[in-house]
Colleague: 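Sending over a structure as structure tokens; questions will come in a sec.
When a ligand or atom number is given, it counts from 1 through the structure's own listing order. Keep in mind that what you see is a predicted model, and the values were worked out from it rather than measured.
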Amino acid sequence: MIKISTTSTIGRVLYKIKGFYYIENEEKNIFECKLKGINKRINRKDNCVVGDIVEFDPREKIINKILERKNILKRPLVANIDLLGIVFSIKSPNFDMERFNLLLLDCFYYNVKPFVIINKIDLVNNKELKIFKNSLSFLKNLNIDVFYISTITENIDTIKEYTKNKVTAFGGPSGVGKSTIINLLQNEKELETGEISKKLSRGRHTTKGATILHLNYGGYIIDTPGFSSLELPNIRNEKELLELFSEFYEYSINCKFNNCLHINEPNCYIKDLVEKNKLSKIRYDFYIKTYNTLKNERWNKYD
Ligand SMILES: Nc1nc2c(ncn2[C@@H]2O[C@H](COP(=O)(O)OP(=O)(O)OP(=O)(O)O)[C@@H](O)[C@H]2O)c(=O)[nH]1
Ligand SMILES: [Zn+2]
């Protein structure tokens, strides 16, 4: 058991500048602290990161302990995210299904709950929108919520409601409207908590890392939309890959082989379902492609 001194307080790391951590306590006061030596011993970048919930001593200005994390993302390096908003535009730039699936895979791998925002629907007609929605119908099987929006022609109150009292990060390709959306969510806040916002923007100019911002309607937002990787996470084997395709899981007990990878095996129930349009071919093809990439570029090295 670690002894907690009487001055110890719990707070969240909002941002980090040159070895100083800016921690917010429950009363929304911000404290500048350093990391206690013992926590620094292993010299790693992820010792203490933005989003960490920490025990700190406000008098000594020292972080004593980092509490267990719910999750940690690598890019941006942030911990304890409740939601990741995957933002794409339907057009301009065109929607990119492969990249979209890669981001979903990242979410499952890092144990972050995703939701999807398809922006710029003002650029298509009703028919095009309907066809597009159909191509993303597989999200329902994955229990992923999706919002079709335009920051120009619609208000985004549904997204405010959804992110209320949550820690939300946004990711997606360049130019899809992430900053526009974040600004719309942020705007009212500027008026009410100008003081904190001033402090935070000071941090923003001097740090390249992630920053967490308040939402006036409750909750936080990560303002570094750096989660847009095209690289596969470190999936170590077939089993780990299959775990990231949860929609296959419940059906795979019907495959002839209980270790079926749903590739070339006979009597594969998953392949049957895909042929009958009962499982998304888009997702299945992405699975096969990912499997092949990992097998050729990573796993065979350990054979
Ligand atoms: N037609 C249309 N344009 C939009 C919409 N939302 C944003 N835009 C425009 O799209 C462009 C890119 O928006 P940003 O918010 O800068 O996109 P971003 O995703 O933050 O881009 P990066 O900062 O490069 O990652 C801007 O010119 C916006 O005005 C929308 O709903 N419809
Ligand atoms: Zn199978």
Colleague: For ligand 1, which atoms sit closer than 4.0 Å to a heavy atom of Ser150?
Modeller: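 That gives atoms 31 (O) of ligand 1.
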Colleague: Kindly compute the distance separating CG (Leu139) from CD1 (Ile144), expressed to the nearest 0.5 Å.
Modeller: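 If we round to the nearest 0.5 Å, Leu139:CG and Ile144:CD1 are 5.5 Å apart.
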Colleague: Determine, considering heavy atoms only, which of Ile156, Ile149, Thr151, Thr180 sits nearest to atom 13 (O) of ligand 1.
Modeller: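 Result: the heavy atom closest to atom 13 (O) of ligand 1 is in Thr180.
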Colleague: Check ligand 1 against Asp122 and write out every atom of the ligand that is under 4.0 Å from a heavy-atom position of the residue.
Modeller: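 Reading through ligand 1 atom by atom, the close ones are 1 (N), 2 (C), 30 (C), 31 (O), 32 (N).
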Colleague: Taking the six-membered ring of Phe20 as reference, does the cationic atom of Lys34 (NZ for Lys, CZ for Arg) lie under 6.0 Å from its centre and within 45° of its axis?
Modeller: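 So Lys34 does make the cation-pi contact.
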Colleague: Measure from NZ or CZ of Arg12 to the centre of the six-membered ring of Tyr220 and say whether it is under 6.0 Å with the direction within 45° of the ring axis.
Modeller: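 Verdict for Tyr220: a cation-pi partner in Arg12.
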Colleague: So which of Lys178, Glu154, Lys120 gets nearest to atom 4 (C) of ligand 1, if we judge by its closest heavy atom?
Modeller: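 Minimum heavy-atom distance to atom 4 (C) of ligand 1 goes to Lys120.
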Colleague: May I ask you to check whether Phe31 and Tyr22 place their ring centers less than 6.0 Å from one another?
Modeller: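 Between Tyr22 and Phe31, which both carry aromatic rings, the centre distance is not below 6.0 Å.
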Colleague: Evaluate the side-chain proximity of Ile63 to Lys36: yes if any heavy-atom separation is below 4.5 Å, no if none is.
Modeller: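 Sidechains of Ile63 and Lys36: no contact.
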Colleague: If you look at His262, which of its N/O/S atoms is nearest to the Zn ion (ligand 2)?
Modeller: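 Nearest N/O/S atom: ND1.
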Colleague: Is Leu123 in polar range of ligand 1, meaning some N or O pair under 3.5 Å apart?
Modeller: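 No.
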